[in-house]
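Naming convention: chains lettered A, B, ... in sequence-line order (proteins, then strands); numbering from 1 in each chain. A quick note: this is a predicted structure, and the numbers were derived from the prediction, not measured. Side chains included, hydrogens not; waters and symmetry mates left out as well; all remaining heavy atoms used.
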Amino acid sequence: MEHKGPVLAPPYEPLPVHIDSHFIAPAEEVATFFAKMLDHEYTTKEMFRKNFYKDWRKEMTSEEKSKITDINKCNFTEMSEYFKAQSEARKQMSKDEKLENERILQEYGFCVMDNHKERIGNFRIEPPGLFRGRGDHPKMGMLKRRIRPEDIIINCSKDSKHPKPPQGTRWKEVRHDNKVTWLVSWTENIQGSIKYIMLNPSSRIKGEKDWQKYETARRLKKCVERLRAQYREDWKSKEMRVRQRAVALYFIDKLALRAGNEKEEGETADTVGCCSLRVEHIKLYSKMDDQEYVVEFDFLGKDSIRYYNKMPVEKRVFKNLQLFLENKQPEDDLFDRLNTSILNKHLQELMDGLTAKVFRTYNASITLQQQLKELTSPDESIPAKILSYNRANRAVAILCNHQRAAPKTFEKSMQNLQTKIDEKQKQLSATRKQLKGAKTEHKASHDDRSKKMVEVKRKAVQRIEEQLMKLQMQATDREENKQIALGTSKLNYLDPRISVAWVKKWDVPMEKIYNKTQREKFAWAIDMAEEDYEF
DNA sequence: AAGGGCACTTAGGATTAGGCGA
DNA sequence: TCGCCTAATCCTAAGTGCCCTT
């Protein structure tokens, strides 16, 4: 392994003299971080302002400290306007910058691993700024400090050309550990966690891991019925811990919930997964509308995305849940005899390599395969096939609760599309009229010229019909996708060989399903899978 | 079995590039 | 050719899961 090391964040450039920030670096720099975010909702949040202010003060001189007593009296708008103008200006002269970016990519964006040139994923060190946690994060607004060469650990081969630190500096450490895949690491100051520079998804090492992941999920496919029978049996166990384990596993299997590791309170946003569900996150309804034994889930999961679902469960599960809830407070754990480590240990005994997250991969992939089978009709057009594919993908995204905020421009973009459809419709009826006219004329004259005209118009009508249909499919697709994110499941949960096989079977161009980056990431699958591939 | 450290995958939002119609 | 809009890419936070120590 040989590489050039990371690209460091550019040093701070003090504000020009005509902007009086009332500060000198480093407090000025920290102030600019806030100013750059001024348009964002973050800066209005109490916690964000409080954390920012506390860290900001640490950077001030004693003079600055005595001048500034209250963040609410600080006005960042002049700085903010300055940065807005700067980024406008940068847009104009972006050509040189693009060239420079390309040069940096060529120099730092690649490494040589086992004699192969490979693309590096994130070769830039994260620049300093204000921490933006997701959801209700207790540390939002804290200062994320600048990473210096002295903070950075380099990992490369002993006999390779070692990356050079900038003049006058040194790395924290240069090590030669071939048991791990990272090239560069450092510790960030907000959570104290380690950050890494690793290879791009197109690399051999990432591809092989990805392939392995899906092979494990396919092994689960072979024994999943046995496991299901097992956990259903365990619902009746004498032991509470076994019952809890079995009900949790049922949720993970049926609802594709995440495992739910414990988190340190006060360090992160309050989110949960299956094993960390609390009493307050579920409600039981012995009857709801025309259904019996309904469980209502309402909690914040990864990235503070809300999971809301109502599911009828079997009577035995329902009775167990009632039991688990007995004599508990809302903030108590639902599964008090269970955690992810216990669950995974159990799963490991059931199948080699089995963990909670394999269920998500398995259920996602098998759902895609089933949905594709169900939704694709042989005689439909290519655009219709793509709609079917996206709908299958969507079923998975819904299962995995992959949501997104509706795009800010959603309404407008729908409207634009509708306008196009209306225009196309008008064009269609006009052309149909012309076709009718041509037919009438041909009936009257029976000559060659009019016959040709009928053909021309017939073709035109057909073409416009196709265009119209394509637009309508697009509109349907976009509407259905308003709050659903397809990318995450496509990239992380769906065995790409299923898609490759589908594409080959129905002669759909690969690039309609996978863009360039995705084709690079899934090159192994494109190579491997034929149209008869079964997950 | 509790708890921290570490390495890796998964995640949604922000930013940028580039395709397309005027 | 320009400007707008969408799609692609970038960014980095937030998970999972295993290992080691006590």
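Looking at heavy atoms from C-beta onward, A:Leu486 lies in side-chain contact with A:Ile484 at the 4.5 angstrom threshold.
Residue A:Glu126 is the one, among A:Thr271 and A:Glu126, whose nearest nucleotide of DNA chain C lies closer to the 5' end (criterion: closest heavy atom). Comparing A:Leu354 and A:Asn200, the nucleotide of DNA chain C nearest to each residue sits closer to the 5' end for A:Asn200.
Rounded to whole Å, the distance from CG on A:Leu486 to C1' on B:dT10 is 16 Å. The separation between A:Glu264 atom CD and C:dT16 atom P is 16 Å, rounded to whole Å. Look at CG on A:Asp303: it is 11 Å from C1' on C:dT12, rounded to the nearest Å. Rounded to whole angstrom, the span from the CD atom of A:Glu208 across to the P atom of B:dT9 amounts to 12 Å.
The ring-ring contact (aromatic ring centres under 6.0 Å, His included) with A:Phe76 is formed by just one residue from the set A:Tyr82, A:Phe83, A:Trp56; it is A:Trp56.
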Please write out the pairs of protein N or O atoms and N or O atoms of nucleotides 13-15 of chain B separated by less than 3.5 Å, giving the distance to one decimal.
unit_1: B:dG13; atom_1: OP2; unit_2: A:Ala405; atom_2: N; d: 3.3
unit_1: B:dA14; atom_1: OP1; unit_2: A:His40; atom_2: NE2; d: 3.0

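A donor-acceptor contact shorter than 3.5 Å is absent between the side chain of A:Asp333 and the backbone of A:Phe335.
Remark: aromatic rings of A:Phe297 and A:Phe251 are close, center separation under 6.0 Å.
Across C:dG17, C:dT12, B:dT10, the shortest atom-to-atom separation from the side chain of A:Lys302 is found for B:dT10.
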Check the pair A:Phe324, A:Asp336 against side chain to side chain contact (heavy atoms under 4.5 Å, CB included), reporting the backbone distance first and the verdict last. CA-CA 8 Å; A:Phe324 303 159; A:Asp336 52 297; 5.5 Å; no
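Using cut-offs of 30° and 60° for the angle between ring planes, the A:His137 and A:Phe131 rings count as perpendicular.
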